[in-house]
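Heads up: numbering here begins at 1 and tracks the sequence.
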Amino acid sequence: MLFNQVFHNQLAFAAALVLFLHSPARAADDSATILVFDGSGSMWAELEGRTRIEVARDVLSEYLAGRDMSRPLGVIAYGHRRRGDCADIETLFPSGVHSAGDVSSRVNSLNPKGKTPISDALRQAARQIPRTAEEADIILITDGIETCVPDVCAIADELAESGIKIRAHVVGFGLSEAEADTLACIPERTGGKLLRPGTGQELAEALRQTETQAPPEALAISAQVNLMILLGNNGMPERYSWALRNDDTGAVTELGEMTGDARYSPFPLNLDEGRYTALLSTANGAGETSFESREPDPKSIQVALAGDLPDITLINRGPYLAGHNGLFDLTINREGLNVGGADFQLTLYKAMPNGDPDGAAITWSYVDGKVGRKANALALPSEPGEFIVTLERGDGTVVGSTRIETQVDPAVRLEVPSVVLPGTEITFKSFGGQGSSDLVQVQKGGVDVGWALTLSSIAEGNPLLAPEQEGAYELVYKMGNDRIEKARISFQVGPLNQPAAQQQQKPAAQGMPQDEVEATFKIAEVFQGFQPQWSAVPLDDHLPVDAWAPNDYAPSMSGFFLPGRYRVTGNAGDMQFLGDVEITAEGPNVFEIGLAPEPGSDPGGPLTEEGVADLLDRLVPDRKPAN
């Protein structure tokens, strides 16, 4: 027997949070409750189709409406007033008696913006506990981990040794298991609880406990199974479909498409005894979970949603200015499954000599997955060095990365078109410095023309415009807090009526050749079954420092380059291709890139046909022999 129907429940997060917040009443003179509320920028991320801040507001309002407000309550929030400020912590209500309406209204007015200073917020919460209290509960409601203090467990030790029985609880929603583990020491060392809403059987049990006043349900004759979508770090899709495969017979039954409010509810059905697989599908993702129906007791089956990652371009425009907020050139070229407000993180790591990240992240900035250019900055350490910048999912999946260098006084290079139409946008490029507050200014004869703009303002979509009056001008780059001039380049404002030969030129760059030419890299015909990912690194000092690295995989790849010497790499997993080439203005620039020699070996010239066959047999044991 198989049938289905759609019904509505409360959000799992809401149920779990309400359950947690409705703690037993204690005498007002010997206990205290302090809420610590996350107002950081990640609260705009989605949780089952709504933003986390909206869900949290609703749950808190319900909690306060049913709470005995004659018992003292304090409320602290963080990250809601300023971006990137670890001191942005505010006591909204000191410990005392307040009306539910006043507290709800104040919390509802919070506008998430900034960092997640959990340790200092808990420390401020502890100061709100009355000295006469014998015990207290601090309830941290957060959707992220500490972003300001390296050792969050130190605050747990302070609370445990305060002389008052302080139970510090963590209610974390949207956290991965690894993220929750970084906060687990807080409840473990204070006797509190760690609750991660939206994960597994514990949430189903929590939901049932909130309905203890409801009459018990009659047992179903057959097993009731609730299919539940497990989003993980994915946002709720606009629509998705359920299907069920009977693994005993192989038959597949389409159950229906979920849209609107029904997306947030479990999908119930009754099943006879047997083996089944729940099938989940969306436009850009899918998932499946196999299970058995053997007992009459109801059960919940969670199906994890997995999907495509975005295609991105992350350009190294260094060397970057150490000790400042570095602005990184990041573009989402094609969206993946996730497009919410905080689905990805631009993350900074110290680089090891072998190129791998060294330990934990130094800092990060949330990035949405929507198509377009992003204006994201990272606080670079004051000590210069080499670092790895990645774009990664909350679960640690790396979408793209680049290795950068920071310097105390980096050189800056500008590129600008030789002629710009009056009053139109100046589409310049800059390399070096890249502080978000660095200025770019148009000058004529050493005198400023128009307004200077910061790199951050330009990246956010505010264009730098050419003057309306025709003539010769200069583009000037000023770096750091002291506005030190680091680069200057000339350009013309006027009509684009140069001779044809001049119109074909690429944008002018300081001290560099002007014309780019096309070059093609390929592997030998015998290797055509491999799909390398190509990159080219300039070897000459006069060439730009940024590498060419398209995202596609193919036996051959073309691109445009300034003439000069390059080291070309083709990465095809077990097969590596490597060669140095010289691209000339005359051409033709078609290069066959050979196999990279093994470390410490002598390449010994080109491989013979027999040598290639032996190598392929070793690397691809199951390949078909050539005719």
Exercise: do T277 and S290 side chains pair donor with acceptor under 3.5 Å: yes
Polar side-chain atom of T289 near backbone of Q302 as donor-acceptor pair, under 3.5 Å: yes
Polar side-chain atom of D311 near backbone of N333 as donor-acceptor pair, under 3.5 Å: no
Side chains of S99 and D102, donor plus acceptor under 3.5 Å: yes
Non-hydrogen side-chain atoms of M258 and R239 separated by less than 4.5 Å: no
Pair E386-M352, side-chain contact (heavy atoms from CB on, under 4.5 Å): steps then yes or no: CA-CA 8 Å; E386 293 191 340; M352 295 193 298; over 6 Å; no
Side chains of D137 and T33, donor plus acceptor under 3.5 Å: no
Check: S456/T454 side-chain N/O donor and acceptor closer than 3.5 Å: no
Heavy atoms of other groups near R294 CZ, more than 12 under 6.0 Å: yes
Minimum side-chain heavy-atom gap W242-L280 below 4.5 Å: yes
Side-chain (R81) to main-chain (I89) donor-acceptor, under 3.5 angstrom: yes
Pair T51, E54: side-chain N/O donor-acceptor within cut-off below 3.5 Å: yes
Heavy-atom check, side chain of V36 versus side chain of I141, under 4.5 Å: no
Interatomic distance, L140 atom CG to L122 atom CG [nearest 0.5 angstrom]: 5.5 Å
Worked verdict on T406 versus L321 for side-chain contact (heavy atoms from CB on, under 4.5 Å): CA-CA 6 Å; T406 66; L321 178 60; over 6 Å; no
Nearest heavy atoms of E90 and Q124, plus distance in Å: C-NE2, 4.0 Å
Distance, nearest 0.5 Å, that separates CG of L159 from CD1 of I164: 10.5 Å
Worked check of ring-ring contact (aromatic ring centres under 6.0 Å, His included) between F328 and Y320: CA-CA 10 Å; F328 290 88; Y320 293 80; 4.7 Å; yes
Non-neighbouring partners of F93 that pass ring pair (Phe, Tyr, Trp, His ring centres under 6.0 Å), sequence neighbours left out: H98
Interatomic distance, L380 atom CG to I362 atom CD1 [nearest 0.5 angstrom]: 9.0 Å
Shortest non-hydrogen contact from I312 toward G400: CD1-CA, 3.8 Å
N376 (side chain) donor-acceptor with V367 (main chain) under 3.5 angstrom: no
Note, S40 side chain near P112 side chain (heavy atom, < 4.5 Å): no
Close side-chain approach of I76 and L92, heavy atoms under 4.5 Å: no
Where L327 and A375 come nearest, the two heavy atoms and their spacing: CD1-C, 4.2 Å
T91 side chain vs P94 backbone, donor-acceptor pair below 3.5 Å: no
S104 side chain to A100 backbone, donor-acceptor under 3.5 Å: yes
Side chain proximity check, V225 to F291, heavy atoms < 4.5 angstrom: yes
Carboxylate-amine/guanidinium proximity below 4.0 Å for K165 and E134: no
Backbone N/O of D143 and side chain of D38: donor-acceptor pair under 3.5 Å: yes
Rounded distance [0.5 Å steps], CD1 in I129 versus CD in E135: 10.5 Å
Criterion side-chain contact (heavy atoms from CB on, under 4.5 Å) on M69 and V97, from CA distance to verdict: CA-CA 6 Å; M69 297 301 288; V97 177; 5.6 Å; no
Check: Q345 and S365 side chains under 4.5 Å, non-hydrogen atoms: no
Output field: ring centroids F37/Y78 closer than 6.0 Å: no
Atom of G144, atom of L183 and distance for their closest heavy-atom approach: O-CD1, 3.9 Å
A125 to I34 - nearest heavy-atom pair and separation: CB-CG2, 3.7 Å
Listed once per pair and sorted, the ring pair (Phe, Tyr, Trp, His ring centres under 6.0 Å) pairs that draw on residues 131-168, sequence neighbours left out: none
Stepwise side-chain contact (heavy atoms from CB on, under 4.5 Å) test for Y276 and S293: CA-CA 8 Å; Y276 300 91; S293 177; 4.0 Å; yes
Heavy-atom side-chain proximity of L330 to R373 below 4.5 angstrom: no
Any donor-acceptor pair under 3.5 Å from T190 side chain to A168 backbone: yes
For P187 against V170, the heavy-atom pair lying closest together: CD-CG2, 3.8 Å
Polar side-chain atom of E146 near backbone of I118 as donor-acceptor pair, under 3.5 Å: yes
Q128 CD to S95 OG distance, which is reported to the nearest 0.5 Å: 6.5 Å
Donor-acceptor contact present, side-chain K370 to main-chain I332, <3.5 Å: no
Candidate list D329, D368, T331, test side-chain hydrogen bond (donor to acceptor under 3.5 Å, both in side chains), partner K374, passing option: D368
Polar side chain donor-acceptor pair, T363 to K115, under 3.5 angstrom: yes
Between CD1 on residue I301 and NZ on residue K299, distance to nearest 0.5 Å: 5.5 Å
